[in-house]
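Some notes on the structure that comes next.
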Amino acid sequence: MIPPRFEYHAPRSVSEAVALLGQYGSDAKLLAGGHSLLPMMKLRFAQPEHLVDINRIPELRGIREEGNTVVIGAMTTENELINSPIVQAKLPLLAEAAKMIADPQVRNRGTIGGDIAHGDPGNDHPALSIAIEASFVLEGPKGRRTVAADGFFLGTYMTLLQEDEVMCEIHAPAFAQGTGWAYEKLKRKTGDWATAGCAVVMRKSGNTVSHVRIALTNVAPAALRVEAAEAALLNQPFSAAAVQAAADAATAACEPAEDLRGDIEYKTAMAGEMVKRAIHKAWALCA
């Protein structure tokens, strides 16, 4: 289908984009990579009268280090994450997980900020950002504010990002030496959203889990941090029983929607399986 008519804007700065959002309010939508918004417009699920294209704002791109923090511009593409020496060294989970997102064409255009800001529970970066303890820098008419990824996602297509704000940067602490990590994702075919996915970041002390974050993709109305699953592992000797307890806690927290990828029972069971796989893989990478 052809989307409805709209007015196109191409600001050259974040402040100009914020001004346009303030001027047009709920009639305006930001355009990043476009892989979520444009299909919705073609299906008339979204009908913005003004499209604000932020691709020409250079300050929204790039990857750098600030002390122990990795700073990623919101308009950084998936391929840039994959190929970044900084991400590969400091946040390898993001580089590896980006390879599982969609296909090469999408990864050339799709952006990390667009993936996060859209608030789709099927997108991968929401759960990944929770697992790596990321925070987001948002700019609006009152200036900039920083919000944690954990708590940012409120429901399907619902986040703390206000309609007059632009996501500018993603901040995440560099992984400490010895950190293990994994993203396990079950999908029907290349390019599809996850039937279920699990991101794990873990550290150990001897045979005991000293740090763990577990977040799930596409098994609830929003990306889901499972603190009960973390508690089943934290400060416990690593064992099959502890892993199973974490998986059981994760499945208990799931609220998936039935769709073409499976019914509720199947998607919940697959979430538990992804949790177990991700935990084992992350533990194996712990030094």
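Note that the numbering runs from 1 along the sequence shown for the chain.
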- Message: I'd like to know whether V212 forms a side-chain contact (heavy atoms from CB on, under 4.5 Å) with W283, so could you lay out the CA-CA distance, the side-chain angles of the two residues, the decisive distance to 0.1 Å, and finally the verdict.
- Response: CA-CA 10 Å; V212 62; W283 179 259; over 6 Å; no
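- A donor-acceptor contact shorter than 3.5 Å is absent between the side chain of K267 and the backbone of E258.
- No more than 12 heavy atoms of other residues, nucleotides or ligands lie within 6.0 Å of NZ in K90, so this atom counts as exposed by the packing criterion.
- Looking at D124 and W193, their side chains never bring a donor and an acceptor atom within 3.5 Å of each other.
- Proximity of a side-chain donor or acceptor of R213 to a complementary backbone N or O of I130 within less than 3.5 Å is detected.
- With rounding to the nearest 0.5 Å, the separation of CG in N83 from CD in Q88 is 7.0 Å.
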- Message: Under the criterion side-chain contact (heavy atoms from CB on, under 4.5 Å), I'd like the reasoning laid out for R145 against Q162: C-alpha separation, chi angles, the key distance, then a yes or no.
- Response: CA-CA 11 Å; R145 64 187 181 112; Q162 300 298 310; 3.9 Å; yes
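- Rounding to the nearest 0.5 Å gives a distance of 8.0 Å between CD1 of I63 and CD1 of I112.
- Pairing each heavy atom of F6 with each of P48, the nearest pair is CB-O, 3.4 Å.
- When atom types are taken as modelled, the side chain of T268 and the backbone of E265 share no donor-acceptor pair closer than 3.5 angstrom.
- A distance-only check finds no donor-acceptor pair linking the side chain of E184 to the backbone of A199 [under 3.5 Å].
- Atoms CZ and CD, from R144 and E165 in turn, are 11.5 Å apart once rounded to the nearest 0.5 Å.
- A distance of 14.0 Å separates NE2 in H125 from NE2 in H118, rounded to the nearest 0.5 Å.
- Listed by chain and residue number, nothing satisfies the salt bridge (charged side-chain N to carboxylate O under 4.0 Å, His left out) test with R203 (two or more places apart in sequence, or in another chain).
- The distance from the CG atom of L285 to the NE2 atom of H280 is 13.5 Å, given to the nearest 0.5 Å.
- Contact between P104 and N79 at its shortest, heavy atoms only, is O-ND2, 4.1 Å.
- Cluster annotation: L31 is not connected to L21 through the hydrophobic network of ILVMFWY side chains, with a link wherever side-chain heavy atoms come within less than 4.5 Å.
- Between W181 and E96 there is a side-chain heavy-atom pair separated by less than 4.5 Å.
- Taking 4.5 Å as the limit, every side-chain heavy atom of M274 sits out of range of all side-chain heavy atoms of K185.
- In this structure, the side chain of T77 engages the main chain of E80 through a donor-acceptor pair within 3.5 Å.
- P173 and L91 make their closest contact through O-CD2, 3.4 Å (heavy atoms, listed as atom of the first residue, atom of the second, distance).
- Side-chain polar atoms of T195 and Y266 form no donor-acceptor pair below 3.5 angstrom.
- In this structure a side-chain-to-backbone donor-acceptor pair under 3.5 Å is missing from S84 to L81.
- Of all heavy-atom pairs between A250 and V226, the closest is CA-CG1, 3.7 Å.
- Side-chain N or O atoms of T146 include none that pairs as donor or acceptor with a backbone N or O of V137 at under 3.5 Å.
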- Should V106 and E78 be marked as a side-chain contact (heavy atoms from CB on, under 4.5 Å) after you check the CA-CA gap, both sets of side-chain angles, and the distance that decides it? CA-CA 8 Å; V106 170; E78 305 294 353; 6.0 Å; no
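- One hydrophobic cluster holds both M167 and M158 under the rule that ILVMFWY side chains link at heavy-atom gaps under 4.5 Å.
- With hydrogens and angles disregarded, no donor-acceptor distance shorter than 3.5 Å links the side chain of N123 to the backbone of G119.
- No side-chain heavy atom of F153 sits less than 4.5 Å from a side-chain heavy atom of L224.
- In this structure, L186 CG and C198 SG are separated by 12.5 Å, a value rounded to the nearest 0.5 Å.
- With contacts defined as side-chain heavy-atom distances shorter than 4.5 Å, the pair F152/S129 does not qualify.
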- Item | side-chain contact (heavy atoms from CB on, under 4.5 Å) evaluation trace for I72 with L94 | CA-CA 11 Å; I72 303 171; L94 283 190; 3.8 Å; yes
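- A 4.5 Å side-chain heavy-atom check between E133 and H211 finds at least one atom pair inside the cut-off.
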Extract all donor-acceptor atom pairs below 3.5 Å that involve side chains of residues 228-243 and protein atoms in other chains or at least two apart in sequence.
from, atom 1, to, atom 2, distance (Å)
E230, OE1, R225, NE, 3.3
E230, OE1, R225, NH2, 2.8
E230, OE2, I214, N, 3.0
E230, OE2, R225, NE, 3.0
S239, OG, A242, N, 3.1

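- Taking a 6.0 Å sphere around NZ of K204, one finds it holds more than 12 heavy atoms contributed by other residues, nucleotides or ligands.
- Checked by atom type and distance alone, the side chain of R107 pairs as donor or acceptor with a backbone atom of I101 at under 3.5 Å.
- Counting all heavy atoms, side chain and backbone alike, T159 lies closest to A117 at CG2-O, 3.9 Å.
- Contact of the Y183 side chain with the T217 side chain is registered, since non-hydrogen atoms from C-beta on lie closer than 4.5 Å.
- Using a distance-only test at 3.5 Å, with no hydrogens or angles considered, no donor-acceptor pair links the side chain of D27 to the main chain of E49.
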Name every donor-acceptor pair, under 3.5 Å, that has one atom in a side chain of residues 50-61 and the other anywhere in the protein, sequence neighbours excluded.
from, atom 1, to, atom 2, distance (Å)
H50, ND1, H9, NE2, 2.9
D53, OD1, N55, N, 2.9
D53, OD1, N55, ND2, 2.7
D53, OD2, Y8, OH, 2.6
D53, OD2, R56, NH1, 3.4
N55, OD1, R61, NH2, 3.3
N55, ND2, A32, O, 2.9
R56, NH1, Y8, OH, 2.8
R61, NH1, M75, O, 2.8

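- Of all non-hydrogen atoms in A98 and I82, the two that sit nearest each other are CB-CG1, 3.6 Å.
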